[in-house]
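Predicted model, so just to flag it, every value in this text is computed and none were measured. Residue numbers start from 1 in every chain, and the chains themselves are labelled A, B, ... in the order their sequence lines are given, proteins ahead of strands.
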Amino acid sequence: MSSIVNIQGMNKYFGDHHVLKDIDLTVDAGEVVVIIGASGSGKSTLIRCVNGLEEYQQGALEVDGQALAVNGGHQQALNIIRQEVGMVFQQFNLFPHLTVLENITLAPMKVKGIAAQQAQETAHRLLERVGIGNQAQKYPTQLSGGQQQRVAIARSLAMEPRLMLFDEPTSALDPEMIGEVLDVMRELASEGMTMMVVTHEMGFAREVAHRVVYVHEGCIVEEGKPEDVFDRPQNERTQAFLSRVLKH
Amino acid sequence: MQGSGFTFDWQAAVDSLPYLIHGLPWTLLISFGGLVVGFLIGVLAGLMSLARTPLLRWPATAYIEIFRGTPILVQVLFIFYGLPDLLGGPINAITAGIAAIALNSGAYISEVVRGGVKSIDKGQREAGVSLGLSRLQTFRYIIWPQALRRMIPPLGNQAIVSIKDTSLFSVIGVGELVRQGQLYIATTFTAFEVYFMVAVLYLAITIPLSIILRWYERRGQVSAR
Ligand SMILES: Nc1ncnc2c1ncn2[C@@H]1O[C@H](COP(=O)(O)OP(=O)(O)O)[C@@H](O)[C@H]1O
Ligand SMILES: [Mg+2]
């Protein structure tokens, strides 16, 4: 299998703060990798490096064959990568001044030059797929959190990404809405989408992930199949973390 | 007004109106022309002040500081009486007035633009570039439309301030409202009534503007976007 993400010896600093330490990680096509770890351990920073939202200082990062240079160099590679990598944020980040439909059609029309009508047809199809086909003309603030996050997923999918990044996509949601978003993600995974998911939903991780990566203070201290990481964690830090989060 | 035996002469006030009205187009022309140019300057300087390179930031900051830190009266006197020495020819008083409003409001509008753009959550930019939009596209389609909506109330306030500022241009002989009033009073000596009517004419412009702004702000609160 070919790898879509290839990270080698990556180090990332915020000023003096060493946030990612010698990260080695590859993600293969069709693979779902779930990243877990305590708050502040560097999970967001890690996946934000993958689409260039954060720069890194040492090591190498390749996404879908494009090398993303250290310190944000190589704008052209960045542009290509961002068109092929979708990102879903904890806070949805929908565009509040645009309708749901316009949120979804904006990038395909402006970036890929797709005609309005075709972009709208695609958008309607995607909205059906995420289960909110009848909300196209509404504005984001008129939707529930769960619906907004599903629009955000549809918006990313409209660019036909090769890889989807999820940064705690359900952490800002009321509990009763978490399921509907996880359902969409589960379906995406079953259709073969390559995904990197930061989440605290351990049930989802166990069920959907092909591989679970545990990050502790900027280091990957353990990775493996979900049943191995959850049931037989080797590292004592992983054990401590899991016993804390799985208790409730 | 008992002591002085003064009574408000309604007839004098009403009589002055046809004369004062001649000042209205000039007040409106200078305000409108100055604000349109001021908006363009303000957008340019505001965006420059947000740039990463100091080469763009510095001139914008200098401009903003200079024109916010000096009185508009001094600015217009400088333009009207001072600049001709430099240019080698006189400047039309209307042009000088429009230039003064443009440069002065431009400095304040830069700050409005800067604040408006900075107030947009950084997640909006991140979502835009993550979708593959360029930085310019992200600004044009995502940041700017949202910033502009937030800028409208302060822009409206600036419009009201600038409209009132045009009254100072009577000193360079622009035939705007105040100047018309002064000329009229010189023959009738009804200062109280005439300045009262001048004030009424300003209010006739500024109050509707205020009402529109209030309406806009209330509407914004309801839809919350
Ligand atoms: N923009 C930033 N500037 C400075 N420090 C940051 C920034 N973003 C994150 N950090 C720091 O980097 C570390 C990792 O953060 P983050 O990747 O957000 O962790 P996680 O997503 O695992 O909670 C934290 O200590 C955080 O305070
Ligand atoms: Mg995070």
Side-chain angles (χ1 to χ4, degrees), chain A residues 44 47-48 50-54 72 75-76 78-99 102-114 138-143 148 151-152 154-167 172, chain B residues 39 43 46-47 50-57 112-156 212-213 215-225:
Chain A
S44 297
I47 67 165
R48 286 162 60 87
V50 172
N51 74 343
L53 285 182
E54 301 290 354
Q75 184 68 34
Q76 209 180 347
L78 192 57
N79 291 343
I80 295 170
I81 286 170
R82 283 177 175 166
Q83 289 181 39
E84 300 188 345
V85 179
M87 178 135 193
V88 174
F89 302 86
Q90 183 175 349
Q91 301 298 337
F92 328 139
N93 293 345
L94 292 179
F95 308 133
H97 62 302
L98 301 179
T99 63
E102 291 165 340
N103 263 274
I104 300 173
T105 57
L106 180 69
M109 287 170 62
K110 300 302 176 193
V111 178
K112 292 187 168 172
I114 291 173
K138 290 199 175 162
Y139 284 90
T141 49
Q142 296 172 289
L143 303 183
Q148 289 188 51
V151 172
R155 179 176 70 176
S156 284
L157 292 177
M159 286 298 283
E160 300 180 324
R162 302 253 292 138
L163 165 70
M164 286 284 286
L165 308 174
F166 293 85
D167 190 1
Chain B
F39 180 73
V43 170
L47 297 184
L50 289 165
R52 283 191 238 172
T53 150
L55 221 62
L56 291 173
R57 264 200 331 264
V112 171
V113 169
R114 185 186 156 79
V117 169
K118 282 187 85 163
S119 76
I120 305 302
D121 185 79
K122 76 174 173 35
Q124 293 289 305
R125 190 192 69 79
E126 291 182 350
V129 298
S130 294
L131 285 165
L133 294 164
S134 68
R135 281 170 15 128
L136 195 66
Q137 287 175 321
T138 300
F139 182 79
R140 173 163 168 211
Y141 299 114
I142 297 167
I143 310 295
W144 182 249
Q146 295 184 59
L148 197 56
R149 283 173 198 215
R150 294 194 189 175
M151 281 157 51
I152 284 175
L155 285 176
I212 292 170
L213 282 178
W215 168 81
Y216 182 88
E217 284 183 68
R218 225 173 309 125
R219 202 194 64 143
Q221 279 161 10
V222 172
S223 70
R225 55 164 198 265

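Proximity to chain A (any heavy atom under 4.5 Å) is restricted, for B:Gln137, to the side chain, taken from C-beta onward. Looking at A:Leu94, only its backbone comes within 4.5 Å of chain B, counting heavy atoms on both sides. Heavy-atom distances place both the backbone and the side chain of A:Phe95 under 4.5 Å from chain B.
Within a 6.0 Å sphere centred on NZ of A:Lys112, other residues, nucleotides and ligands contribute more than 12 heavy atoms. The number of heavy-atom neighbours closer than 6.0 Å to CZ of B:Arg140, taken from other residues, nucleotides and ligands shown, is 12 or below.
Within the 3.5 Å criterion, the main-chain N or O of A:Gly52 finds a donor-acceptor partner in the side chain of A:Arg82. Although no hydrogens or angles enter the test, the distance criterion places no donor-acceptor pair under 3.5 Å between the side chain of A:His97 and the main chain of B:Ala147. Judged by distance alone, with hydrogens and angles left aside, the side-chain atoms of A:Gln148 form a donor-acceptor pair with the main-chain N or O of A:Leu143 at under 3.5 Å.
In this structure, B:Met151 and B:Gly116 approach most closely via the heavy-atom pair CG-CA, 4.1 Å.
In this structure, a donor-acceptor pair under 3.5 Å is absent between the side chains of B:Arg125 and B:Thr138.
Identified by a heavy-atom distance below 4.5 Å to chain B, the contributing residues of residues 155-164 of chain A are A:Arg155, A:Ser156, A:Met159, in residue-number order.
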